Amino acid sequence: MKYLTVIIAAIVFSTSALGVMSPRYYETEILGNWVCKDLYPGYAAIEVIRYKDDGTWNSFGELIVDFPIEENKVKVKYSALGKGVWEINDQNLVSMINSIKVTNRNHPWLDQYFNMQEQFSLNERNSEEIVVLSEDYINLQPATGKPYECYKVEI
């Protein structure tokens, strides 16, 4: 009888855990405004992104990139505005950029050598694994690169 109670408890626990991690759970929890940061040596990005219940998103943010110019590094600041669509597929956030506008804010002369806007692919599906999702925190793992995190904010 003791073993039967343990088995029933395990089934109830696993069933409720699976229900919490359903696609509907992710779709509901991701709605709203998030501040995301992504840091690498020579690269920093901070973005505010709003996931809407109609399956669209919009964002604004700033990128700071160290460009090697001869023997020096020049910090180049970009602002970015984007729009796109999103969906949940299993435990992945799948998004696509429909439009983006990137502006070089401090060294526009560099655009003739390197155009940051061209680094973003339009209408291409991008899948990121949702490693952790709570009501105010998300940790995402892109297919390539290191994980990054976002915090939910009220705007």
Side-chain angles (χ1 to χ4, degrees), residues 13-69 73-155:
F13 177 76
S14 66
T15 303
S16 64
L18 289 174
V20 169
M21 297 305 178
S22 71
R24 184 70 186 136
Y25 169 79
Y26 290 114
E27 290 168 358
T28 303
E29 288 299 311
I30 202 163
L31 295 177
N33 304 304
W34 297 85
V35 174
C36 303
K37 60 181 178 177
D38 194 7
L39 305 170
Y40 289 97
Y43 171 87
I46 187 163
E47 172 184 34
V48 176
I49 186 165
R50 173 179 284 169
Y51 293 102
K52 301 182 215 172
D53 61 3
D54 65 357
T56 63
W57 61 265
N58 59 340
S59 70
F60 65 91
E62 182 175 64
L63 302 164
I64 301 172
V65 181
D66 290 341
F67 277 99
I69 306 290
K73 287 186 180 177
V74 175
K75 283 201 180 299
V76 183
K77 295 180 181 180
Y78 296 93
S79 63
L81 296 169
K83 293 181 185 179
V85 295
W86 69 274
E87 66 182 10
I88 299 295
N89 186 353
D90 294 325
Q91 193 173 334
N92 295 295
L93 171 60
V94 181
S95 60
M96 188 167 48
I97 301 171
N98 291 339
S99 68
I100 191 161
K101 173 69 174 149
V102 180
T103 304
N104 185 324
R105 301 193 41 94
N106 64 340
H107 297 292
W109 59 271
L110 277 173
D111 289 348
Q112 64 185 325
Y113 304 104
F114 179 83
N115 187 334
M116 181 62 81
Q117 180 140 346
E118 293 174 358
Q119 303 307 304
F120 295 90
S121 300
L122 297 180
N123 304 316
E124 187 175 293
R125 291 171 52 96
N126 179 37
S127 181
E128 299 173 311
E129 179 186 357
I130 300 171
V131 179
V132 176
L133 176 61
S134 69
E135 66 182 45
D136 62 355
Y137 174 80
I138 189 169
N139 186 294
L140 297 166
Q141 173 64 60
T144 59
K146 69 179 189 69
Y148 66 96
E149 52 192 14
C150 306
Y151 297 88
K152 195 173 241 182
V153 294
E154 294 297 323
I155 295 180

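Not measured: the values here are computed from a predicted model.
Taking 4.5 Å as the limit, every side-chain heavy atom of Lys152 sits out of range of all side-chain heavy atoms of Ile138. Between Lys77 and Glu62, the closest side-chain pair of non-hydrogen atoms falls below 4.5 Å. Under the 4.5 Å side-chain criterion, counting only non-hydrogen atoms from C-beta, Lys52 is in contact with Asn58. Counting heavy atoms from C-beta on, the side chains of Met96 and Asn98 come closer than 4.5 Å. Ile69 places a side-chain heavy atom less than 4.5 Å from the side chain of Leu110. Contact of the Ile49 side chain with the Cys36 side chain is registered, since non-hydrogen atoms from C-beta on lie closer than 4.5 Å. Residues Ile30 and Trp86 have side chains in contact (heavy-atom distance under 4.5 Å, counting atoms from C-beta outward). For the pair Ile88/Leu93, a side-chain contact is recorded, criterion being any heavy-atom separation below 4.5 Å from C-beta on.
Rounding to the nearest 0.5 angstrom, the gap separating the CD atom in Glu29 from the OH atom in Tyr137 is 15.0 Å. The distance from atom CD1 of Ile100 to atom OG of Ser121, rounded to the nearest 0.5 Å, is 10.0 Å. Taken to the nearest 0.5 Å, the CD atom of Glu149 stands 10.0 Å off from the CG atom of Asp38. Here the OG-OH distance, from Ser134 to Tyr151, works out to 9.5 Å after rounding to the nearest 0.5 Å. Once rounded to the nearest 0.5 Å, the distance linking CG of Asn139 with CG of Leu133 reads 10.5 Å. Taking CD of Glu124 as the start and CD1 of Ile97 as the end, the distance is 9.0 Å to the nearest 0.5 Å.
More than 12 heavy atoms of other residues, nucleotides or ligands shown are found within 6.0 angstrom of CD on Gln112.
Of the possible donor and acceptor atoms, none in the side chain of Asn89 sits under 3.5 Å from a partner among the backbone N and O of Asn92. Of the possible polar contacts, one joining the Asp54 side chain to the Thr56 backbone as a donor-acceptor pair under 3.5 Å is found. For Asn104 (side chain) and Asn106 (main-chain N/O), a donor-acceptor pair under 3.5 Å exists by modelled atom type. Proximity of a side-chain donor or acceptor of Trp57 to a complementary backbone N or O of Val85 within less than 3.5 Å is detected.
For the pair Gln91 and Val131, the tightest heavy-atom approach, listed with the atom from each and the gap, is NE2-O, 4.3 Å. For Pro147 against Pro142, the heavy-atom pair with the smallest separation is CA-CD, 4.1 Å.
Test Lys37, Gln141, Glu128 against Tyr148 for side-chain hydrogen bond (donor to acceptor under 3.5 Å, both in side chains) and you get one pass: Glu128. A side-chain contact (heavy atoms from CB on, under 4.5 Å) with Tyr78 holds for exactly one of Met116, Gln117, Arg105; it is Met116.
Classified by interplanar angle (parallel below 30°, tilted 30° to 60°, perpendicular above 60°), the ring pair Tyr40/Tyr43 is tilted.
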Q: Please lay out, stage by stage, how Glu118 and Val102 fare under the test side-chain contact (heavy atoms from CB on, under 4.5 Å).
A: CA-CA 9 Å; Glu118 293 174 358; Val102 180; over 6 Å; no
Q) Can you list the steps and then say if Leu140 with Ile130 is a side-chain contact (heavy atoms from CB on, under 4.5 Å)? A) CA-CA 5 Å; Leu140 297 166; Ile130 300 171; 3.8 Å; yes
